[in-house]
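Keep in mind it's a predicted model, so treat the numbers as computed, not measured. Chain naming here is simple, since letters A, B, ... match the order of the sequence lines and numbering starts at 1 in each.
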Protein chains: 2
Amino acid sequence: MSKQKVSLKDIARKAQVSTALVSYVLNGKQKEARIGEEIASKIKQIAYELNYQPNYLARSLRSGKTQTIGLIIADISNPFFASIARIIEDEAKQNGYTVIIGSSDENADKSRDLLAVLMNRQIDGYIIVSAENSAEQVQDLVEKDIPFVLLDRYFPNIYTDFVSTDHYEAAYEGTSHLIANGYRRIGMIAYRSAMYHMKERIRGYRESLNDNQVSFRKPWLREVNFSRTEQEVRMAIDEQLKAKSSVDALIFASYGIAINGLRYLNELNLTVPDDLGVVSFGQAEGFDLYYCPITYLKQPIGLLGQTAVQLLVEKMNGQRSETAQILMKAELISRESSTTRNAR
Amino acid sequence: MSKQKVSLKDIARKAQVSTALVSYVLNGKQKEARIGEEIASKIKQIAYELNYQPNYLARSLRSGKTQTIGLIIADISNPFFASIARIIEDEAKQNGYTVIIGSSDENADKSRDLLAVLMNRQIDGYIIVSAENSAEQVQDLVEKDIPFVLLDRYFPNIYTDFVSTDHYEAAYEGTSHLIANGYRRIGMIAYRSAMYHMKERIRGYRESLNDNQVSFRKPWLREVNFSRTEQEVRMAIDEQLKAKSSVDALIFASYGIAINGLRYLNELNLTVPDDLGVVSFGQAEGFDLYYCPITYLKQPIGLLGQTAVQLLVEKMNGQRSETAQILMKAELISRESSTTRNAR
DNA sequence: AATAATTGCTTAATCGGTTAAGCAGATTGA
DNA sequence: TCAATCTGCTTAACCGATTAAGCAATTATT
């Protein structure tokens, strides 16, 4: 029932020594600080009896290190980010770090606020899934020499550490997969975004069409606003279906789009894959529940998260000065939603 | 490009005053501390120019308050907890608090570790979704007089603040709903757990059967181990279906169970609701994707989270000494999965 | 025996704020 | 006119740890 916190001073008093001695002993610096055997074990004993727990605030204030990582993501309630957050939490703990998570809602202002709040808390480093238009924030971090690693998204014209899925390749593979399965008029719904990862997904889609001698039609590609995903996805699908060369397959370029898109396809009583083939980005248990399991591009979440933490830790420890730019391959999980009538 | 952190001392030096004065001014204590007008505005001006950001560590060390809330949940990658975490994050920020999230994996030891880690970080208060067998941890907090609020789960024999869904009532309503829709042989798959909220869900289920003159059969109720959810859910369903009085509807007592259950029903080529009615606890976008939208018990996540934060904040501020025990009603979201052939 | 090196510990500064106490000088009151 | 009060500021202790520097006492070296 030690309501009162036990400090070094308490131990020092009880052992009749200075706090310095206690600090040395409890930090395992007996050798370096030439501490006597008996007094050392006495101190340890007392610390144990009093259940001493060091005050991290004091230690951090002194050392300038908080052993805390700030994780900035779009939204923790999105399963992709939640999974990543979980991985990062675990990996950070392994490395002796605590994680503070903040949701930016894909909004540069919120992201800036978040960074400011975390900065005040003297956080040691950041893992950031950048929001749109947050390039100068990132540039700022670079200039202030604050350790950070970009995750999942990066800026091609900012030279900095990142760990990301190869979005281009993933989209290319997804599109080619549909083509291989006999689909020809393949549409994509993506976010209207300046973010490079979105652009890359679109590029991958278009290049695959091109390389496979499918000539792209403008109505096939629709971009929706993040803040109006639901309505705009519906509109997009409507128009993709009624176009002259209406699509026979759809690629959802993101989890949020997929959820809304699939829901709408249900409403329209369209059958997947008979009426429409589907490949989606993002991953979630929910995809398993669709009557027809959805083919999706599985990002290497575990590896992404772990690598991000490791890179960051190395950076924070000053063990690494070079820039690491890592692209990982997504795995196409092929299931029924992308299988044609013929192929089955 | 202020790489160097600006401290009170820097401002004081530039303004040729003591740090005390700067501190008073920047904390709006001009009146109380009788500061002159000109010097005050000069200090403010300089602070602005230098873009001064106070060091929370130092402040916290002195004040003993970190303005940080610890949130302990089972697993951030479970959508229910992710949503709750998001709400709490936002509500806490509104109140000037930062949140540190830790996942306990429904494991008392991990939960204890987490608490210890957070305790060292001098966190002001906790919101806890308790893990199984963590009663003494909670009791400990009570005895150490640490502010905390239990969320979603509570211990009937520990008198403490909590905010929870009324699990009994929710299960009762879900069961009655199935009965009202013509189902009679209603099964439930729950976690094998000593946790009170699980017991309550089971109790609600059984009492509803009882009140509706449906005599309960033992094979209808199956409890599965959290750590082997997938296999055991499959076994449970197998046995519920092959029993003499095989079930015509199932209640999944938790999100994780539902995901695995629905997946298995798909594998078995059972049709919902024609072969089997379904009602589930937990909520997730995924439920919308099932070919037949799943009826579920919607917990008032927003209100739960907000209330938890508010209770905690009041407690931390010493504005409230009484214990608050709040039960909220879940809303039954009735959809196709619980509609009988006749009723449609 | 005188000096050097080692051992075992303490002192005190430091991190960056907060805040009670106190000290001049100006103003007011009797 | 002299004490009391007010005004505007500084001093210094404090929160709890870390750690360089230093001081005796003991042991080793020549």
Side-chain angles (χ1 to χ4, degrees), chain A residues 2 4-44 46-47 50-68 96 119-124, chain B residues 2-44 46-47 50-68 119-124:
Chain A
S2 57
Q4 227 52 338
K5 272 271 163 192
V6 180
S7 75
L8 278 192
K9 215 182 278 178
D10 299 319
I11 299 176
R13 198 177 304 126
K14 198 150 186 181
Q16 315 236 53
V17 295
S18 68
T19 63
L21 211 49
V22 180
S23 173
Y24 286 129
V25 170
L26 297 184
N27 286 299
K29 305 207 175 152
Q30 288 181 47
K31 297 278 150 56
E32 301 95 301
R34 308 173 313 221
I35 318 282
E37 267 306 331
E38 321 93 78
I39 198 71
S41 53
K42 181 176 175 192
I43 287 171
K44 283 183 196 156
I46 292 175
L50 297 183
N51 185 30
Y52 170 72
Q53 302 296 134
N55 183 322
Y56 272 85
L57 288 178
R59 186 178 278 177
S60 297
L61 177 58
R62 177 65 214 250
S63 68
K65 301 267 158 241
T66 51
Q67 296 293 112
T68 305
M119 223 86 111
N120 283 2
R121 295 194 168 241
Q122 320 297 124
I123 274 172
D124 294 341
Chain B
S2 56
K3 248 176 140 174
Q4 226 53 336
K5 273 272 162 190
V6 179
S7 75
L8 278 191
K9 216 181 277 179
D10 300 319
I11 299 177
R13 197 178 305 126
K14 200 152 185 183
Q16 315 235 54
V17 295
S18 68
T19 63
L21 212 48
V22 180
S23 173
Y24 286 129
V25 169
L26 297 183
N27 286 300
K29 304 208 176 154
Q30 288 180 48
K31 297 278 150 57
E32 301 94 302
R34 307 173 313 222
I35 319 281
E37 268 305 330
E38 320 93 80
I39 198 72
S41 53
K42 181 177 176 190
I43 288 171
K44 283 182 197 158
I46 292 174
L50 297 183
N51 186 29
Y52 169 71
Q53 301 295 134
N55 182 323
Y56 273 84
L57 287 178
R59 188 178 277 177
S60 295
L61 178 59
R62 177 65 214 249
S63 69
K65 301 268 157 240
T66 51
Q67 296 293 112
T68 305
M119 222 86 111
N120 282 2
R121 295 194 169 242
Q122 322 296 125
I123 274 172
D124 295 340

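One atom, CZ of A/Arg59, and another, C1' of C/dC15, lie 14 Å apart when rounded to the nearest Å. Residue B/Tyr56 contributes atom OH, which lies 17 Å from atom P of C/dG16 at whole-angstrom precision. Between A/Ile43 atom CD1 and C/dT10 atom P the separation is 8 Å, expressed in whole Å. Computed from coordinates, the A/Leu61 CG to C/dA13 C1' distance equals 13 Å when rounded to whole Å. For B/Leu8 and C/dC15, the CG to P distance is 13 Å, given to the nearest whole Å. One interatomic measurement links the two molecules: CG of B/Asp10 to P of C/dG16, which rounds to 8 Å at whole-angstrom precision. Atom-to-atom, CD1 of B/Ile11 to C1' of C/dG16 comes out at 12 Å; the value is rounded to the nearest Å. Going from atom CG of A/Asn55 over to atom P of D/dC14 covers 17 Å, rounded to whole Å.
With C/dG16, D/dA12, D/dA17 as the candidates, the nucleotide lying closest to the side chain of B/Ala20 is D/dA12.
Between A/Gln53 and A/Lys5, the shortest heavy-atom contact is CB-NZ, 4.4 Å.
The 5' end of DNA chain D is approached more closely, in terms of each residue's nearest nucleotide, by A/Lys9 than by the other of A/Thr19 and A/Lys9. Mapped onto DNA chain C by nearest heavy atom, A/Ala40 and B/Gln53 fall at different nucleotides, with A/Ala40 at the one closer to the 5' end.
Across the helix from C/dA1-D/dT30 to C/dA30-D/dT1, the helix axis at one end is tilted relative to the axis at the other end by 60° (nearest 10 degrees, each axis from five pairs).
Atom OH in A/Tyr52 sits 13.5 Å away from atom CD1 in A/Ile46 (nearest 0.5 Å).
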Donor-acceptor list for residues 25-36 of chain B side chains, cut-off 3.5 Å, not counting sequence neighbours:
unit_1, atom_1, unit_2, atom_2, d
B/Asn27, ND2, B/Ser23, O, 2.8
B/Asn27, ND2, B/Ser23, OG, 3.4

Please list every donor-acceptor pair under 3.5 Å in which a side-chain atom of residues 9-22 of chain B meets a protein atom from a residue at least two apart or in another chain.
unit_1, atom_1, unit_2, atom_2, d
B/Asp10, OD1, B/Arg13, NH1, 3.4
B/Asp10, OD2, B/Ser7, N, 2.7
B/Asp10, OD2, B/Ser7, OG, 3.4
B/Ser18, OG, B/Leu21, N, 3.4

Review item, side-chain donor-acceptor pairs of residues 55-62 of chain B, under 3.5 Å, at least two apart:
unit_1, atom_1, unit_2, atom_2, d
B/Asn55, OD1, B/Leu57, N, 2.7
B/Asn55, OD1, B/Ala58, N, 3.2
B/Ser60, OG, B/Tyr56, O, 2.8
B/Ser60, OG, B/Lys65, O, 3.0

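Between the side chains of A/Thr66 and A/Asp124, a donor-acceptor pair is found at a separation under 3.5 Å.
Within residues 21-30 of chain B, the residues that have a heavy atom under 4.0 Å from DNA chain C are, in order of number, B/Ser23, B/Tyr24, B/Asn27, B/Lys29.
As judged by a 4.0 angstrom heavy-atom cut-off over every strand, A/Ser7 is placed among residues touching the sugar-phosphate backbone only.
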What pairs of nitrogen or oxygen atoms, one from the protein and one from nucleotides 3-8 of chain C, lie under 3.5 Å apart?
unit_1, atom_1, unit_2, atom_2, d
C/dG8, N7, A/Arg34, NE, 3.2
C/dG8, N7, A/Arg34, NH2, 3.2
C/dG8, O6, A/Arg34, NH2, 2.8

